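Before any comments, here is the structure.
To find a chain, count down the sequence lines: A is the first, B the second, and so on, and within it residues start at 1. Since we're looking at a predicted model, the values are computed, not measured.
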Number of protein chains: 2
Amino acid sequence: MEIKPTDSELEILNILWENGPSTVRDVHDVLERSKDAGYTTTLKLMQIMHDKKLLVRDETARSHVYTANISQQKTQGQLVKKFIDNVFNGSASQLVMQALGNHKANRQELDEIKQLLAEMEKKMKNR
Amino acid sequence: MEIKPTDSELEILNILWENGPSTVRDVHDVLERSKDAGYTTTLKLMQIMHDKKLLVRDETARSHVYTANISQQKTQGQLVKKFIDNVFNGSASQLVMQALGNHKANRQELDEIKQLLAEMEKKMKNR
DNA sequence: TTTGTTTTACGAAAACCTTCGTATGTTTGC
DNA sequence: GCAAACATACGAAGGTTTTCGTAAAACAAA
């Protein structure tokens with residue numbers, strides 16, 4: 001099952017993942033803070049995402065309540081995989097180098113990454 | 001200066017970065033191995049990329065010779081930045097975790113990343 | 001020279017994404 | 001009840017990307 005949300009769709013998915021089930025109005029209010037778009041634009045986008053099964057909705061109330069129908073984890077995973085293939089010819093570590101090199105991570109983030117690396121090393125030895 | 005090649009354009013850029021200056025025929029032959037597209041499609045794409053200044057070309061010979069006009073480094077950097085913003089709300093380390101978690105890097109790659117991490121830590125302390 | 005191959009240029013169709021206007025129906029508050 | 005506010009549905013315009021057919025020019029070989 002291929003997942004490839006567009007940039008606009010990703011914006012909406014991010015809001016839904018963050019805030020949980022929301023109406024078009026809810027999403028639009030968040031979107032409006034960073035973007036300039038009409039209400040019906042957001043509505044239309046979410047309707048199309050519903051058609052594409054990216055969202056499910058509860059039509060009980062007049063204001064439909066939308067929920068993301070794909071997990072953030074899985075979506076990010078697929079997008080990263082595709083990105084690595086397209087941009088780094090399949091080399092994950094090259095992507096990591098780029099990401100770490102250009103963006104300064106803070107102490108906590110560095111510690112988390114170090115820990116992950118340590119775990120990966122352990123797994124490699126145990127084989 | 002905003003750079004945002006499409007996926008198709010990126011395929012061509014990757015070939016040019018890999019192989020150096022090439023004719024449309026050269027690029028198309030490579031492309032054909034992994035994709036199914038007509039020659040004029042590749043031609044048109046490269047002409048458009050030329051219009052967009054993504055490529056430069058030498059028209060001396062009948063078969064024009066195209067060269068990438070943006071560096072792989074810089075392009076990857078911009079794409080990673082945009083990707084992190086869109087998909088991981090700006091958190092580079094989250095991307096790193098995803099990339100490292102799902103794709104298994106080999107020993108050498110792990111070492112390179114460890115070294116990079118060490119350097120970043122050193123820089124943090126010296127401040 | 002003539003025929004066939006290769007190349008560029010160009011137009012246009014098809015698909016997709018984004019945006020918005022308008023119609024229509026529902027709800028709320030006075 | 002009625003006007004104002006709010007919601008959905010829908011069509012269509014405008015933009016971009018991808019694809020391909022066709023024409024014209026350059027070249028190669030017989």
**Message:** What's S8(B) touching, base or sugar-phosphate or nothing? Going by heavy atoms closer than 4.0 Å.
**Reply:**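 Answer is sugar-phosphate: S8(B) comes under 4.0 Å of backbone atoms only.
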**Message:** What contact category does K4(A) fall into here, base, sugar-phosphate, or nothing, at under 4.0 angstrom with non-hydrogen atoms?
**Reply:**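 Nothing, no heavy atom under 4.0 Å.
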[N] [atom2] sits how many Å from [X] [atom1], rounded?
X: I12(B); N: dT19(D); atom1: CD1; atom2: P; answer: 10 Å
X: L45(A); N: dA9(D); atom1: CG; atom2: P; answer: 15 Å
X: D51(A); N: dT18(C); atom1: CG; atom2: P; answer: 15 Å
X: D7(B); N: dT18(D); atom1: CG; atom2: P; answer: 7 Å
X: E9(B); N: dT16(D); atom1: CD; atom2: P; answer: 12 Å
X: M46(B); N: dT19(D); atom1: CE; atom2: P; answer: 15 Å
X: I48(B); N: dG15(D); atom1: CD1; atom2: P; answer: 16 Å

**Message:** What's the angle between the local helix axes at either end of the helix from dT1(C)-dA30(D) to dC30(C)-dG1(D), using five pairs per end and rounding to 10 degrees?
**Reply:**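 What I find for the helix from dT1(C)-dA30(D) to dC30(C)-dG1(D) is an axis angle of 10°.
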**Item:** Contact state string [nucleotides 2-10 of chain C, B base, S sugar-phosphate only, - no protein heavy atom under 4.0 Å]
**Value:** ----BSBBB
If you compare all heavy atoms of [X] against all heavy atoms of [Y], which two are closest, and at what distance to 0.1 Å?
X: I84(A); Y: S91(A); value: CG2-N, 3.6 Å
X: P5(B); Y: L10(B); value: CG-CD1, 3.9 Å
X: N14(B); Y: V87(A); value: OD1-O, 4.3 Å
X: L13(A); Y: A68(A); value: CD2-CB, 4.0 Å

**Request:** Please answer whether the main-chain N or O of T23(B) pairs with a side-chain N or O of D26(B) as donor and acceptor at a distance below 3.5 Å.
**Result:**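 Yes; judged by distance alone, with no hydrogens or angles, the pair exists.
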**Asked** Any donor-acceptor pair under 3.5 Å linking the side chain of E9(A) with the backbone of T6(A)?
**Response**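 Such a contact is found between E9(A) side chain and T6(A) backbone.
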**Asked** Are the side chains of M46(A) and R57(A) in touch, meaning some heavy atoms are under 4.5 Å apart?
**Response**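 No, every pair of side-chain atoms sits at 4.5 Å or beyond.
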**Request:** Please state whether the phosphate of dT18(D), meaning OP1 or OP2, lies under 4.0 angstrom from any side-chain nitrogen or oxygen of T6(B).
**Result:**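 Result: yes.
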**Matching residue for H28(A) among T42(A), T41(A), T40(A) - test: side chain to side chain donor-acceptor pair (under 3.5 Å)** =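 Result: among T42(A), T41(A), T40(A), T42(A) is the only option passing the side chain to side chain donor-acceptor pair (under 3.5 Å) with H28(A).
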**Message:** Parallel, tilted or perpendicular: which one describes the rings of F83(B) and F83(A), with boundaries at 30° and 60°?
**Reply:**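 The arrangement is parallel - the two ring planes meet at less than 30°.
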